[in-house]
Structures are given as C-alpha cells and as structure tokens.
Amino acid sequence: MLYREALNRAIDECMAVDEKVVILGEDVGRYGGSYRVSEGLVAKYGEARCIDTPIAELSIVGNAVGMAIGGLRPIAEIMTANFSLLAFDQIINHASKLHYMSNGKIRLPMVVRFPQGVSKQLAAQHSESYEQMLSAVPGLIVWAASDVNYAYHALKQAILMDDPVLFIEHELLYNKKGEVDVDTPLDPFKARIVKEGKDLTIVSYLKMVDDVMTAVPTIEKELGISCEVIDLQSLNPIDHATLEASIKKTGRLVVVEEDHYTGGYGAQIVSFAAEKLFYALDAAPLRLAGEDVPIPYNRSLELASIPTPEKIAARIVEWGKSNGL
Amino acid sequence: MLYREALNRAIDECMAVDEKVVILGEDVGRYGGSYRVSEGLVAKYGEARCIDTPIAELSIVGNAVGMAIGGLRPIAEIMTANFSLLAFDQIINHASKLHYMSNGKIRLPMVVRFPQGVSKQLAAQHSESYEQMLSAVPGLIVWAASDVNYAYHALKQAILMDDPVLFIEHELLYNKKGEVDVDTPLDPFKARIVKEGKDLTIVSYLKMVDDVMTAVPTIEKELGISCEVIDLQSLNPIDHATLEASIKKTGRLVVVEEDHYTGGYGAQIVSFAAEKLFYALDAAPLRLAGEDVPIPYNRSLELASIPTPEKIAARIVEWGKSNGL
Amino acid sequence: MEKRIAEEIYYLMELGRRFEYAAKEHYMTGEISGFLHLDIGQEALSVAAMRAFDHGDVFTTYREHIMAIARGIEPKAVMAELFGKTTGVSGGKGGSMHLFDPTHFFYGGDAIVGGHLPNAVGCAYARKLEKAGHGVMAVFGDGATNGGAFFESLNIASAWKLPVLFLCENNRYAIGTEITRVAPFLEQAKKAEPYMPTMEVDGMDAVAVYEAVSEARDYIEKGHGPIFVEAFTCRYEGHSMSDAGTYRSPQEMQICKAKDPIERMKKYLKEYYNMEDAYFDEVGKKAQAAVDTAVEFAAQSPEPEAAALFEHVFCKECSDVVS
Amino acid sequence: MEKRIAEEIYYLMELGRRFEYAAKEHYMTGEISGFLHLDIGQEALSVAAMRAFDHGDVFTTYREHIMAIARGIEPKAVMAELFGKTTGVSGGKGGSMHLFDPTHFFYGGDAIVGGHLPNAVGCAYARKLEKAGHGVMAVFGDGATNGGAFFESLNIASAWKLPVLFLCENNRYAIGTEITRVAPFLEQAKKAEPYMPTMEVDGMDAVAVYEAVSEARDYIEKGHGPIFVEAFTCRYEGHSMSDAGTYRSPQEMQICKAKDPIERMKKYLKEYYNMEDAYFDEVGKKAQAAVDTAVEFAAQSPEPEAAALFEHVFCKECSDVVS
Ligand SMILES: Cc1ncc(C[n+]2csc(CCOP(=O)(O)OP(=O)(O)O)c2C)c(N)n1
Ligand SMILES: Cc1ncc(C[n+]2csc(CCOP(=O)(O)OP(=O)(O)O)c2C)c(N)n1
Ligand SMILES: [Mg+2]
Ligand SMILES: [Mg+2]
C-alpha cells in the first residue's frame with residue numbers, strides 16, 4: 001500500500017463507521033486532495049462531509065475547532081506546511097487551549113494534517129517544516145508519519161481521540177510503499193526502533209528516517225559499528241523511555257532532522273539527552289539539520305540546504321572518527 | 001529612565017532624524033500605545049507617521065513589509081505576543097524570506113515589536129512567549145530586551161538596520177528603571193555578562209534575567225559558589241563566543257527561560273553546549289522553564305506554571321548539590 | 001414584548017449591572033485580576049440578545065459576564081471564575097475572559113478579537129449537517145470587523161448558507177480607536193451586505209434588540225443562511241480596568257448615558273405594564289442579593305489545588321482510546 | 001487604442017504565449033522544476049494590465065512570467081530564473097513563483113495566495129506619504145478573494161484612501177475549486193463594493209483591459225483612494241504542471257478558447273489598423289526569436305556557486321551599521 005493510500009484508508013474507515021467524521025480543506029473533495037489523500041471519499045460520503053473550502057487557512061482550522069465544539073470529528077487538511085502559518089492563531093490560541101481554559105468542558109476531537117518539507121524546487125514559501133514550532137505548544141499532540149503502517153494506524157487513532165492532533169506528513173513520502181498490518185494496532189505515542197544496534201543511536205523522524213537508513217550501511221562499514229535507528233513518530237509528547245534505553249545502551253547520540261538547525265526540533269532531543277542522560281553519553285551528541293537559510297529554488301542549492309543520505313553518512317563518519325568510534 | 005521610556009526615546013530619536021521612520025499598530029498613535037511606549041510621538045510626528053491600525057495583525061506586519069519595500073522604515077507593534085500568531089504568515093513567509101528569495105534585491109528595513117510573557121492573570125490567550133518559534137526562522141533577527149540600556153540601544157539599531165528585526169519586550173518590564181548610557185553604543189548581537197562568576201554559568205534573557213539575579217545570592221550562599229549570569233539579548237543569531245568562554249570557565253550550565261519546557265528556546269542553548277562544549281562540561285546542564293501547560297488564570301497556578309526567583313534558587317541549589325557543587 | 005420576558009430582561013439587566021459594579025469593586029481589592037472588561041451601558045444588548053436567542057449555540061468575546069448570566073449560567077459560577085476559584089465556571093483557569101459552559105451551549109469568552117467567529121461558523125456547519133433546526137449566534141465588537149477572521153466567516157457562512165446570526169456590538173471604540181478611523185464608515189453592517197441580509201438596531205433599547213434578534217433567529221432557523229444584526233451601543237467604563245478612557249469627551253459620555261438602557265427598560269415597563277416604583281425597588285434588591293450571594297460564594301470558594309495545573313491539558317479519555 | 005500600444009501589446013502577448021510554451025517544454029525535459037504555473041489564455045490580461053499600469057509599483061502572484069516580461073524585465077532573465085540560474089532575475093533562488101525586480105517596481109511572485117495584498121497596501125501607504133503621485137497595482141486570482149488578507153486590504157485601503165488598484169484575475173478556478181462553490185457569487189467585485197468603486201472587464205480582450213486599467217490607474221493617481229477591477233479570463237492549461245485539469249469539461253474549454261485573446265487582438269489590429277498576415281508572421285517570428293534567445297541564455301548560464309546558499313539571508317550592510 002502507498003503512504004497516501006494508508007492515510008486514505010484510515011480516513012475512509014473512520015468515515016464509514018462514524019458519520020460525525022468529516023474532512024475539510026482546499027480541494028479535498030471533488031479533486032481528491034492535492035496529494036490524492038482523500039481520493040474517492042467524496043463519492044462515498046458526499047460533499048457535505050468532504051468539504052471543499054475556500055483558500056482561507058485560518059477558517060479551515062477555525063471552522064474545524066467549531067465543528068468539534070458542535071460535535072463533529074473534523075479532519076482539516078492544510079495543503080502545505082507554509083500555509084499553516086495563516087492558521088497558527090487557531091491552532092495555538094484556540095485548538096490547543098480551549099480544553100484547558102474551559103477546565104475540560106470543551107473537547108476538541110480534531111485533526112489537522114499537512115505535508116511539509118523539501119520536495120523538489122518549490123522554493124522558500126513551499127518547502128518548510130514547522131514541527132519545531134508546533135511541538136512547543138502544550139495541549140497539541142504532534143505526530144509525524146515516516147512509515148506507511150504508522151500513517152494508517154496513527155491517523156486512525158488521531159481521528160478517534162478527543163484531543164487536537166497535528167498530523168505531519170512529508171511531500172516526498174506520499175508514494176512510499178509499505179505494508180500495513182491492519183490487525184495489529186500500535187501506540188502512536190511510542191517511538192519505533194527501525195533498526196537495532198549497539199554503538200550509536202540515531203534519532204530521526206519523517207522523511208529523514210529513510211535518508212538515515214540509506215546512510216547507515218556506509219556508516220556501519222566505515223566505522224565498523226552497529227547503529228540503532230529510532231523514528232520518534234510522536235514529536236509531542238516525546239517517548240523518552242525509548243530514547244533513554246537506547247542512549248544508555250549505545251552511549252552515543254546523533255539527531256537528524258530536515259528543519260533548520262537553529263531552533264530546530266532536534267535541539268529538544270539533544271537537550272533532553274544532555275540534561276537527563278549526561279552521564280550515559282560517551283561522546284558529544286551531534287545534530288544534523290537543514291542550514292539556516294530559506295530554502296532556495298535551484299536544485300543544487302536546495303539539496304545543499306538539507307541533509308541527504310550522502311551528507312548524513314559523511315558527517316556521521318567524520319564525527320564518529322573524532323569521537324572514539 | 002524607565003524601560004518603556006528608553007524604547008520611546010529610541011523611536012523618537014530615529015523619527016526625528018529620518019522621516020522615513022513610521023510606527024504602526026493598534027492604538028500606537030493617539031492612545032500612545034497600550035504600554036505607553038509611543039506616548040507623545042503622535043503630537044510630534046503626526047498621525048501619518050504614527051499610524052493607528054485596525055485590529056488586523058496580519059496586515060500590521062504585512063503592511064510594514066510593503067512600507068519597507070516602498071522605502072519607509074516601519075516599526076510595527078503587536079499588542080501582545082499571542083496576537084502575533086495572526087501575523088506569522090507575514091513574519092515568516094514574507095518578512096524573513098523576501099530578501100533571500102529576491103537574491104538581495106528587496107530589503108526590508110523593518111522592526112516588529114511585541115511584549116510577551118506572563119504578566120498577571122491574563123490567562124492563556126494573553127501570556128505566552130514565542131521566541132522559541134520565531135528564533136527558528138532564518139532571515140529574522142530576534143532580540144530580547146531585559147535591560148533598559150539594551151532596550152534603548154538595540155531598538156535604535158534595529159530601526160537603523162536594513163533587515164527585519166523581531167524585538168521582544170516583556171509585559172512586566174515596561175516600568176523597570178535603569179540607566180541609559182546614550183553615548184556608548186553597544187553591539188546588540190552580543191550577549192551581556194550581567195554578573196561575572198567562576199563556578200556556574202546561568203544563561204537567561206528577558207524578564208527571567210531579573211529573576212535569576214534575585215535568586216543568585218541564595219544560590220551562591222547555599223552552594224558556596226560564584227555564578228556567572230549571562231543575558232543572551234540576541235536570541236538569533238546567538239552570541240556563541242560569549243557562551244563558550246563562560247561555559248569553558250565554569251564547566252556548568254543552567255538555562256532559565258519563561259516559555260514552555262518542551263521545545264522551549266533554552267533547548268537550543270543546551271544543545272549547543274552539549275554538541276560543541278561537551279568536554280568542557282563538568283556536569284549535566286539544567287533547564288528551568290515554564291511547565292507544559294497553557295497559562296492558567298488563577299494566580300497560584302499561574303505562578304506555579306513559570307519559574308520564579310524562589311523556584312530558580314531552590315532548583316539550582318538542589319541540582320548543584322547533586323552535581324558536585 | 002410579553003410581560004414575563006420584559007420582566008426577566010429587566011431583572012437580568014439590573015443583575016448584570018450590579019454584577020459588573022461588584023466585579024469592579026473586587027478588582028480594586030485585588031480579589032479579581034487580569035483584564036476585566038465591564039459591560040456596563042451595554043446591558044440591553046447583552047441581555048436581550050441572549051434571551052431572544054434562547055436556543056442554539058452562542059460564541060462571544062471577553063466582555064461576556066452579563067451574556068453568560070443571561071444565558072443561564074449562575075452568577076456565582078461566573079463571579080467565582082473572576083475570583084479564580086475552583087467553583088468558577090472554568091474552574092478558575094479561564095478567568096473573566098474565558099467563561100465556557102457547553103451545558104448552556106455557551107462557548108463564550110474568546111480573547112482573540114474575531115478569533116471565535118470561525119469557530120461559530122464551524123459549529124453552525126455541524127448544526128446544519130445534523131439538521132438541528134437551530135443555529136449559532138456570534139457576538140463581537142466593532143473592533144472585530146476589520147480582521148480577516150470576520151470576513152472569512154461572512155464569506156463562508158454565506159457561500160454555504162449556514163445558520164449564523166452575526167451580532168455586532170458597535171460601541172464605536174476598540175480600546176481607544178474609533179471605528180471610523182480604521183474602517184471607511186461607521187456602520188459595519190455594510191460590510192456584510194454583499195453576503196447576507198442585514199439589520200440595524202438601537203442597542204440601548206432592550207425591546208428593540210429582543211425583537212431584532214428574535215426575527216434574525218427565526219431567519220437562520222428557517223435555513224435561509226446567515227444574517228447580520230448591528231446594534232449601536234455604548235460602554236460606560238474604560239475598555240478594561242487598565243484603561244482610563246480619556247479619548248472620549250465628557251459630552252460624548254453624557255449623550256450616551258442619557259440613553260441608559262436600564263432607565264429605558266424601566267420606562268417601558270412603566271408605560272406598557274404600569275409597573276410601579278415598588279416593583280423596581282424589589283427587583284433591584286433581588287438583583288443585588290443575587291450579586292452579593294455570588295460574591296460571597298466566590299470569596300468562600302476554595303482555590304484550585306496545585307495538581308489542577310496539569311489537569312485538562314489533554315483529556316483523560318484520550319490515552320484510554322489509544323492504549 | 002494607439003497603434004504603437006496595440007502593436008506592443010500584440011507583440012508581448014505573442015512573446016508571452018511562446019515563452020510559456022517554451023517553459024512547458026523545458027519543464028518536461030527537467031531543466032525547469034518546482035511548481036510551474038502557465039499563463040496561457042490569460043495573456044490579454046497580463047500584458048495589457050501591465051502596459052496600462054506603466055508607472056507605479058506592481059505586486060503579483062506566482063503566475064507572473066508574462067506580467068514580469070510585460071513590465072519590462074528581460075525574457076532571458078525570467079527564463080534563466082525558471083532554469084534556476086545565477087543570471088535569473090532572482091539569482092536562481094526564487095524560481096518561477098518568485099520573480100522580483102525593484103528596478104522595474106515589480107515585487108511579483110508571491111506564492112502565498114493573497115499574501116502580497118497587505119504588502120501592496122503598505123507600499124501604497126508609502127507612496128501616499130511621499131506624495132509620489134502614483135500608486136500600486138495588486139494582481140490576484142479569484143482564489144485570493146476568500147482569504148482574510150484580501151478583506152483586510154480592501155478595508156485598510158479604503159479607510160485610508162490609499163492608491164491601490166486591485167486587479168482580480170477571475171478565471172473561475174482556484175486549482176480544482178470553482179469560485180461559486182466557496183463564495184456566494186461569481187463576481188468578486190461585489191465584495192469590494194462597500195469599500196470602493198468597482199469595474200468589470202472582459203479579460204480576454206486586451207483593448208478593454210488596457211482601457212479599464214488605464215482609467216483605474218488615473219483614478220488612484222488622483223488620490224481618490226482604491227479601486228477594484230475584475231477581469232474575467234480563462235487559463236488554458238492545468239493549474240500548474242502537476243494538474244491535469246480534469247475538473248473542466250472539454251465543452252467548457254472549447255467555449256473559453258473560442259475567445260482566444262491573441263486571435264482577438266489580431267482581429268483588432270486587422271480591423272482598426274489594416275495589419276496584414278505578413279505583419280503577424282513577422283511578429284510571431286520576432287517573438288519566437290526572443291524566446292529562443294531567452295532559452296539559450298538560460299541554458300548557457302552558470303549554476304549558482306555553492307556559496308550562494310548563504311548569501312542574502314541577511315543583507316551585508318546590516319552588520320556594518322551595527323558594528
Ligand atoms: C487579535 C487581537 N488583537 C488585539 C487584541 C487586543 N484587544 C483586546 S480588546 C480590543 C478592542 C476590541 O474592540 P471591539 O471589538 O470593538 O470590542 P469592545 O471592547 O468594544 O467590546 C483589542 C484591540 C486582541 N485581544 N486580539
Ligand atoms: C495561502 C495559500 N493557500 C493555498 C495555496 C495553494 N494554492 C496555490 S495556487 C492556489 C489556487 C489559487 O487560485 P487563484 O487565486 O484563483 O489563482 P489562479 O491559480 O487561478 O491564477 C492554491 C490553493 C497557496 N499557495 N497559498
Ligand atoms: Mg467596540
Ligand atoms: Mg483562479
């Protein structure tokens with residue numbers, strides 16, 4: 001199944017059993033979604049539940065909040081992360097706070113989904129990643145799907161939950177193939193150990209997980225070590241237990257992320273390790289992230305602005321050599 | 001001089017010498033600004049340069065971008081950080097990127113100012129801090145004024161510069177007293193060593209600097225040590241040199257911030273230290289930050305949600321004792 | 001207007017004003033803090049609109065104490081919220097600006113100007129989808145009518161014919177800024193004209209407000225789509241307790257207070273129902289007693305426990321669903 | 001219309017269309033990438049509006065290649081930008097959606113729908129303040145007319161009587177969504193009626209567009225405040241190269257192509273100025289040659305150096321000012 005099909009199936013199954021579930025967003029209905037995630041749903045569930053909205057992101061999320069208050073379970077799609085900035089007021093001032101401010105009286109069973117990240121030459125207003133911002137918001141659950149199985153299960157759980165969930169996808173993952181084990185639900189709050197290893201913990205999420213996995217054979221060969229690769233999946237709350245066990249085992253930590261280095265999400269992970277697992281660390285941790293520049297259009301510059309498998313391998317090997325590996 | 005008077009003076013001096021400088025925002029003109037920062041300016045410079053805007057934060061910043069393109073040097077005021085979320089598209093997709101996307105052809109000499117943080121029982125939609133989000137934006141300079149002298153000099157430089165500057169103030173600092181040394185310009189990109197010391201580096205910024213300074217005598221007494229207190233001032237770019245020198249000297253790092261712990265700004269500082277100064281650290285660093293909850297209205301809960309001088313002292317003393325101090 | 005309703009409205013206006021004065025008093029003593037936005041002068045609007053819109057959902061701003069009470073939320077639960085107590089309608093976590101009570105379909109108290117309008121529209125979508133037969137009233141100030149959220153809401157409600165009653169409380173000021181300085185005209189209903197029918201009403205006249213809102217409510221309930229009601233009114237106090245309000249001249253305040261909504265309602269009751277002074281005294285006393293009880297209740301109520309800080313960040317059941 | 005101008009417009013339309021087809025071709029070969037939004041079918045509008053608005057500032061969307069060229073930016077600098085080369089008008093960093101050239105007062109290429117409108121309004125504020133005598137044209141699609149930024153801009157421009165010419169290119173679709181499904185009516189000018197005068201024009205007719213925009217430009221230059229021009233048009237291609245455009249029926253496309261703006265302009269030149277086929281052949285060749293030159297230039301131009309990645313994040317002079 002493709003990643004986008006897994007997402008589609010999760011939504012479809014929820015819509016089939018609960019008529020309170022609706023989707024809304026630009027072109028999610030008749031068009032089937034820009035990345036075809038909602039393909040076919042309008043035919044099954046009608047336009048009243050597959051809502052094509054105007055280009056008004058503030059309202060897309062703001063309406064979803066109101067729908068949730070009114071008893072629906074909306075799934076709002078924002079076409080690209082950059083446009084979600086227009087909805088930050090509704091995501092942060094409203095969705096993340098109403099449950100708390102009302103002392104639990106208001107519940108917001110809603111999901112906001114968007115793809116993010118560098119695709120191919122979409123330039124600065126269409127290529128960014130905002131998990132670093134939105135994972136800093138108490139009251140908002142943030143999940144990032146790197147994996148087809150997780151995409152299916154986590155999105156389904158997100159729809160079933162009574163809290164607002166920000167569900168992050170990546171533009172380059174929609175056509176990724178993978179198996180979905182429909183019968184084995186997973187806990188979306190848990191990180192996934194993509195590969196076990198004993199000498200180095202590499203923490204990543206979203207599309208970078210694949211790039212890390214591409215880089216790992218080189219790293220293992222060149223350094224003569226074995227890497228443990230962790231896909232965080234739940235960016236907020238963080239599955240500290242899984243991180244802790246791995247770091248304690250390997251004593252070494254690298255975090256790989258696509259967002260910009262300064263203030264990037266990985267800082268929280270490294271800071272957690274430094275604060276809580278300092279004495280378990282045998283070497284300085286390393287962060288690999290995007291450069292601190294808006295994403296340029298030109299392809300070589302664009303690729304130079306983010307981690308790639310080659311750069312990941314090279315940087316980790318270099319670091320490993322000067323850090324006792 | 002009061003903090004707000006220092007800001008006022010900085011703006012006033014720039015408006016006096018350059019008619020391109022304008023201020024805009026809600027109630028900045030006739031009313032003089034909610035925190036009286038622009039008091040008296042409309043009488044001097046007229047309503048065309050002291051522009052009372054409608055309640056439309058997206059336009060306040062978006063208009064400022066356009067004014068800067070059109071040759072003015074706008075200073076946009078957002079009444080409170082939370083409302084800036086409505087302007088995130090203009091701050092991030094526009095102000096921070098146009099210079100880069102145009103390959104330097106467009107320049108945006110503009111300042112966006114806002115106060116943030118917990119004041120007194122203003123509740124979740126009026127008490128937040130967004131430096132963690134906005135310091136993660138390449139192309140945007142972020143300065144935070146904890147100090148009256150810095151407030152004056154840095155705001156003035158921000159107005160003179162050709163890049164967009166986000167200038168963060170704190171609701172509880174406006175009536176803070178301090179000396180302004182008008183004749184000695186400072187470099188706003190540099191951190192300030194508020195107090196020298198040799199055993200522990202405490203990094204902070206904005207209002208927390210004062211709270212740290214209140215806590216320091218207790219900490220020093222109880223642990224029998226001397227603390228070096230650094231006020232970051234420039235949150236992006238970060239003055240790594242000053243941090244490095246201090247951490248190398250003391251071997252110990254505590255970061256104190258008011259924003260929420262998870263994804264908070266301090267993670268970047270701790271992560272920098274862990275990555276780049278690991279071998280200089282004699283103990284695990286410590287982060288003190290706000291709790292991961294929306295800010296509650298009730299006063300005791302509100303105070304429980306953020307660091308206070310008492311908590312700072314107690315937590316650092318406790319940490320110091322179990323970390324060899 | 002029916003006598004029963006007129007009496008109810010009069011009582012609630014008396015109650016509301018006294019409530020606000022009590023809130024002001026206890027702000028001075030420090031028992032209430034934060035931003036406190038008093039609704040004094042606007043009671044006709046707040047009360048009559050809520051009574052007319054007696055079913056359906058309501059979304060309001062931060063200037064909502066009287067609306068909450070007129071909606072049926074107990075004054076003591078509102079006052080306790082202002083005091084930040086556990087017994088407050090939002091458990092002391094929301095405060096004056098954030099009064100919520102889904103049992104009364106009151107999702108009031110949004111403190112982002114215009115921020116609740118998309119929420120109201122979304123809720124109306126839910127009501128239409130479930131064929132609820134009733135709709136949503138969204139109350140907002142003239143200050144909200146220049147922001148993107150307002151316009152997006154007009155457009156969407158109109159495009160999709162959603163049952164939304166947009167009620168604009170035009171008191172001509174957004175803090176210190178007069179609406180005509182930041183919009184091309186005084187009447188904000190003009191902005192809604194391309195999208196829906198509009199009505200204008202004297203917001204100082206409870207009877208007129210009641211009738212207009214009732215009519216508008218009928219309209220949206222019939223499924224015709226949204227409607228816009230603009231009520232001109234006047235706040236007597238500063239924007240919040242931290243505003244001295246010097247931007248309005250004494251003459252302006254005098255003219256506005258001459259239209260006092262409570263006096264006007266009194267006159268109506270006298271003229272139409274021959275109510276006598278004794279009646280008004282009685283009501284005043286009853287209202288004051290209710291306020292006093294509310295204050296006492298608030299003062300006596302317990303502070304939240306420390307653990308409350310971490311409660312309701314997420315809802316408990318969520319974790320159950322997942323694991 | 002003056003002959004000189006008619007000829008110029010015709011040439012630019014021919015150039016524009018051929019430019020777009022060339023871009024399409026080189027997208028297929030992979031030399032151009034990203035989102036490529038072609039303006040084919042809309043040339044009358046893009047060209048004539050730019051020629052009519054021959055002084056003042058212009059802010060546009062991502063569908064702006066032809067507008068940039070009509071504004072005076074060299075086709076080769078535009079094509080090189082699409083190729084991501086250093087010689088591109090934005091140094092290869094912006095790409096198709098982000099063409100900027102302040103020397104031509106062209107701050108085009110915003111890819112946030114409606115995001116450039118507040119910028120245009122702010123620029124108009126600057127022009128009014130400096131008594132420049134000219135104003136700003138903001139070009140946007142029908143898709144932008146439902147977003148908050150659009151409305152805030154109408155309101156502010158109107159409240160402050162700013163010299164803004166709002167030019168709506170109504171091609172009826174925002175990607176796959178027809179405007180009437182997400183707005184209460186087809187004519188978006190209705191939304192501007194409370195704020196400013198509005199004009200409607202056939203966007204497939206270059207002469208009509210030229211006249212309407214000229215008149216509107218005069219209006220804003222006289223200091224009357226903003227004005228709104230709505231031009232109905234039709235894009236022949238999908239929204240971008242990744243859109244097959246199946247939501248429009250063949251009939252619909254046929255009707256729309258029957259109004260082809262280039263054919264129409266040809267007809268005009270024939271009828272009013274007796275131009276002959278040879279002339280049109282000539283112009284076609286000249287236009288094609290210009291496009292070929294542009295493509296060749298783009299293909300030959302160097303890629304940016306690696307160091308360019310870090311250039312212009314901040315402007316160099318800034319650090320000088322400070323230290
Ligand atoms: C988005 C946003 N911007 C600014 C503010 C600050 N603020 C609070 S109330 C207010 C004025 C609102 O005026 P109006 O809507 O007319 O309501 P009124 O206070 O007159 O009842 C402002 C500017 C806010 N709360 N939210
Ligand atoms: C704020 C925002 N939301 C969504 C998008 C994605 N998007 C790009 S173009 C477009 C359609 C715009 O339609 P219209 O304004 O009519 O212009 P046209 O493409 O027809 O020229 C959409 C939805 C975007 N770029 N910006
Ligand atoms: Mg008002
Ligand atoms: Mg369109």
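Note on naming: letters A, B, ... go to the chains in the order of the sequence lines (proteins, then strands), and numbering restarts at 1 for each one.
C/L309 and B/A304 get closest at one heavy-atom pair: CD2-O, 3.7 Å.
In this structure a side-chain-to-backbone donor-acceptor pair under 3.5 Å is missing from C/N146 to B/P54. Checked by atom type and distance alone, the side chain of B/Q121 never pairs as donor or acceptor with a backbone atom of C/S33 at under 3.5 Å. Remark: side-chain polar atoms of B/Y297 are not paired, donor with acceptor, to backbone N or O of C/H98 under 3.5 angstrom.
With chain B as partner, the option from C/G91, C/A111, C/G143, C/G84 having the largest number of non-hydrogen pairs under 4.5 angstrom is C/A111. Ranking C/R181, C/K93, C/H312 against chain B, the residue ahead of the rest is C/R181, based on heavy-atom pairs under 4.5 Å. Per-residue counts of heavy-atom pairs under 4.5 Å with chain B were compared for C/A174, C/P304, C/A306; the largest is that of C/P304. Note on C/I179, C/V313, C/I175: by heavy-atom pairs under 4.5 Å with chain B, the leading option is C/I175. In terms of heavy-atom pairs under 4.5 Å with chain B, the best-connected choice from C/G92, C/A149, C/G147, C/A144 is C/G92.
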For this session: For the pair B/D27 and C/T177, evaluate side-chain hydrogen bond (donor to acceptor under 3.5 Å, both in side chains) and give the outcome as yes or no after the intermediate values.
Result: CA-CA 6 Å; B/D27 283 317; C/T177 300; 2.6 Å; yes
For this session: Evaluate the ring pair (Phe, Tyr, Trp, His ring centres under 6.0 Å) criterion for residues B/H126 and C/F35: first the C-alpha distance (whole Å), next the side-chain angles of each, then the deciding distance (0.1 Å), finally the verdict.
Result: CA-CA 10 Å; B/H126 278 76; C/F35 284 141; 5.5 Å; yes
For this session: Show your working on side chain to side chain contact (heavy atoms under 4.5 Å, CB included) between B/Y31 and C/D243 and close with a plain yes or no.
Result: CA-CA 10 Å; B/Y31 198 84; C/D243 169 35; 2.7 Å; yes
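Residue C/F150 does not touch chain B at all, counting heavy-atom pairs closer than 4.5 Å. Residue B/L122 touches chain C through both its backbone and its side chain, counting heavy-atom pairs closer than 4.5 Å. Heavy atoms of C/F310 lying under 4.5 Å from chain B belong to its backbone as well as its side chain. For B/I51, no part lies near chain C; criterion is any non-hydrogen pair under 4.5 Å. For B/T53, the part lying under 4.5 angstrom from a heavy atom of chain C is the backbone only. Of the atoms belonging to B/E291, it is side-chain heavy atoms, and not backbone ones, that fall under 4.5 Å from chain C.
C/E252 CD: more than 12 foreign heavy atoms inside a 6.0 Å radius. Heavy-atom neighbours of B/E47 CD from other residues, nucleotides or ligands within 6.0 Å: above the threshold of 12.
Inter-residue side-chain proximity for C/V182 and B/I55 is flagged as unmet; no heavy-atom pair is nearer than 4.5 Å.
Salt bridge status for B/R299 with C/E303: absent, with no side-chain N to carboxylate O gap under 4.0 Å.
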